[in-house]
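Each remark here refers to the structure printed beneath this line.
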Amino acid sequence: MTITRVGIRMMVTTSSSSPTEATPDLVQMGFSDEMFATLVDMGFSVEMIARAIQENGPNAETSVIIDTISKYTSNSEASSSKSKAIDHFLGMGFGEEEVIKAIHEHGEENMEQILNALLPGVVSEAQKLPVVKEEDDINWSESDDEIDYSSLMISDDEKDPDSSLKNDNRLRSLVKMGFSQLDASLALERCGENVSIDELTDFICAAQMAREFKEFYADPEEQKPRHDVKKRRVEIKREPRASTDDEPVRLPNPMIGFGLPNEPGLITHRSLPEIVKGPPYFYYENVALAPKGVWETISRHLYDIPPEFVDSKYLCAAARKRGYVHNLPISNRYQLQPPPKYTIHEAFPLTKRWWPTWDSRTKLNCILTCTASAKLTNRIRLALEAHPGEPPKHIKKYVIDQCRKWNLVWVGKNKAAPLEPDEMENLLGFPRNHTRGGGISRTERFKSLGNSFQVDTVAYHLSVLKDMFPKGINVLSLFTGIGGGEVALHRLQIPMKTVVSVEKTEVNRNILKDFWEQTNQKGILVELDDVEELSNNKIEELMEQFGGFDLVIGGSPCNNLAGGNRVSRSGLVGEQSSLFFEYCRILEVVREKTARMRRS
DNA sequence: TCTAGTATGAGTGACGAG
DNA sequence: CTCGTCACTCATACTAGA
């Protein structure tokens, strides 16, 4: 859970024989994203992984690495590392101290006894908050009804009393962990009686993922509920240990997440494991079109919550395909008013006059960090001027391709131009001049805007917080950028009591500070400059100072995930994108501290 | 030293023909 | 089902000039 790029680097560097050697990079080491994710997913600590690679060389096969790490654990040499068991239970949301204590008492291999020891701590919570699965607007529950429950229950006639009792306990344990009775029963039935609790939880998570992806994201008209659901379950049965790796994330079409108001297919309820129900709420964002396996990893590290993929073109005039993982409620969402302009011509009326009839675009593509050069727009002008009247087909194609690629709009006869920064601000839902002045260069504005949230989209998701926090909200904002989340909350008129913002770029910090002052915010703004320096102790101090955080919001760097990167699109192990694991670390600290603060 | 301008593909999914 | 085609993508690195 708390894997950091820094951690890997430090470990590898310190164990290197040559201190002057350049810091080895995971990629340079030939260490693939998948391999890393697989090992982490198996519960091995980063230290162990790094050590095993050092020992076996970068080109060693995964199985060799695993063997080596296994030796470490069997030799009990992992005292300084978090064991698989610790990671496993931390991943379930138990506190570190409790976990270590329980493992010490029962031994690392007795997972069930550890779990039972841990459960009383949450039982009271679970009893206070009985597991009531929210009613699904989609007919998942209906398809449940089709299942013959009696066949799932273990009859005393068929099973020996011990086995029955054991399963009964497991069923209760799973329910206490936040899974529905149905899911728990199904898992017990499908996985058999000799599997451990963690295998059962894996099975349920995989089934939930499969179910939610299939049903939440499928085109409503194309849904074939119970037939397909049953089929999927049979498939899972063949691979009871199937993790989410084996269930690739599919991007929905249309990419509307849980839906939009006044549009067909709106979903207003979903079931989340009890353990991730907020507060604290969290909201994580990144590019939808990441390399294969990335979203599976992200989802797995964020409590197996399926990402909500939304293309902002359904909310404004520019595309922005993003995935959001959050534990926010999804009922009673509402859009910001006034809604943004929906088409290019509405957003930029002056372009209509010059828009060629053969350019059929009504929406712009994604706003990126770079813009077209003057040379390019001049080439377009020359090409069109060479053919007065309707240009030939190949010229049209060239021009249209370039317009799509560089997001050009028509600002004069034969004159295509890239968007100006203030036009980007408009499309992204920021106030005019939000990024202007204060020492920021034009290029930096493009870069900051290209890396930002689309405010209307984020605000639509965050709107559910308004009724929940009428007196205001404490926000921990990671990778703040130009403050898309803060602007969204402000435009939703949700008072921000406290915002602790972490942002590395100085110009972006200045932008947020200016915004804070210009909008006469009454709350406190704390600006920090590096997530890696936000230690666990510091987080807890801040939480004690401000009374905890209600929302942890942020989109970690996409540099190594984005399609536009031709140099270092190395996935989640990339230098910048690996900061995702910092998000996980910080979120987990906030969650644990919140739980402790609520208990005391 | 800083800024702006410019060139630099590949990975991925959708779609349709065969 | 496979294959080819198409469209799209929160970018990086180098260079020239102020």
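Residue numbering restarts at 1 for every chain, and letters A, B, ... go by the order of the sequence lines.
Applying the salt bridge (Lys or Arg N to Asp or Glu O under 4.0 Å) criterion to A:Arg381, with sequence neighbours excluded, gives A:Glu385. Partners of A:Asp359 by salt bridge (Lys or Arg N to Asp or Glu O under 4.0 Å), not counting sequence neighbours, listed by chain and number: A:Arg361. The side chain to side chain contact (heavy atoms under 4.5 Å, CB included) check on A:Glu263 picks up A:Leu260, with sequence neighbours excluded. Residues meeting the side chain to side chain contact (heavy atoms under 4.5 Å, CB included) test with A:Thr362, sequence neighbours left out: none. Residues that satisfy the salt bridge (Lys or Arg N to Asp or Glu O under 4.0 Å) test with A:Asp529, not counting sequence neighbours, are absent from this structure. Under the rule for a side chain to side chain contact (heavy atoms under 4.5 Å, CB included), the partners of A:Tyr334 that lie at least two apart in sequence or sit in another chain are A:Ser463, A:Lys466, A:Leu492. Applying the side chain to side chain contact (heavy atoms under 4.5 Å, CB included) test to A:Asn327 and every residue at least two apart in sequence or in another chain returns A:Leu272, A:Tyr281, A:Phe282, A:Ile305. Listed by chain and residue number, A:Lys396 satisfy the salt bridge (Lys or Arg N to Asp or Glu O under 4.0 Å) test with A:Glu390 (two or more places apart in sequence, or in another chain).
In this structure, A:Tyr283 has its ring center under 6.0 Å from that of A:Tyr324.
Put simply, the side chain of A:Leu368 does not reach to within 4.5 Å of the side chain of A:Trp406, judged on heavy atoms. Residues A:Leu428 and A:Arg320 meet the side-chain proximity criterion, which asks for heavy atoms closer than 4.5 Å.
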Below 3.5 Å is the cut-off: list the nitrogen or oxygen pairs between protein and nucleotides 12-16 of chain B, distance only.
residue, atom, partner, partner atom, Å
B:dT12, OP1, A:Lys292, N, 2.9

Would you tabulate the pairs of protein nitrogen or oxygen atoms and nucleotide nitrogen or oxygen atoms of nucleotides 12-18 of chain C closer than 3.5 angstrom?
residue, atom, partner, partner atom, Å
C:dT12, OP1, A:Asn559, ND2, 2.9

With 3.5 Å as the limit, what N/O pairs link the protein to nucleotides 2-5 of chain C?
none

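Dashed line: the shortest gap from a side-chain N or O of A:Arg442 to OP1 or OP2 of B:dT3 is not under 4.0 Å. Between A:Thr443 and B:dA4 there is a side-chain N or O to OP1 or OP2 distance below 4.0 Å. Contact check, A:Ser373 against B:dT6: a side-chain N or O comes under 4.0 Å of OP1 or OP2.
Listed candidates were C:dC8, B:dA7, C:dA7. Nearest to the side chain of A:Lys321 is C:dC8. Here the side chain of A:Lys375 is nearest to one of B:dT6, B:dA4, C:dC10, namely B:dT6. For A:Asn365, whose side chain is taken as the heavy atoms from C-beta onward, the closest listed nucleotide among B:dT6, C:dC10, C:dT9 is C:dT9.
Annotation: A:Lys363, atom NZ; neighbour count of heavy atoms from other residues, nucleotides and ligands within 6.0 Å is above 12.
Here the closest heavy-atom approach between residue A:Val552 and residue A:Tyr583 is recorded as O-OH, 3.3 Å.
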### Intra- and interstrand pairs of DNA chain C - dot-bracket, Watson-Crick/G-U under 3.5 Å, | marks other strand
|||||||||.||||||||
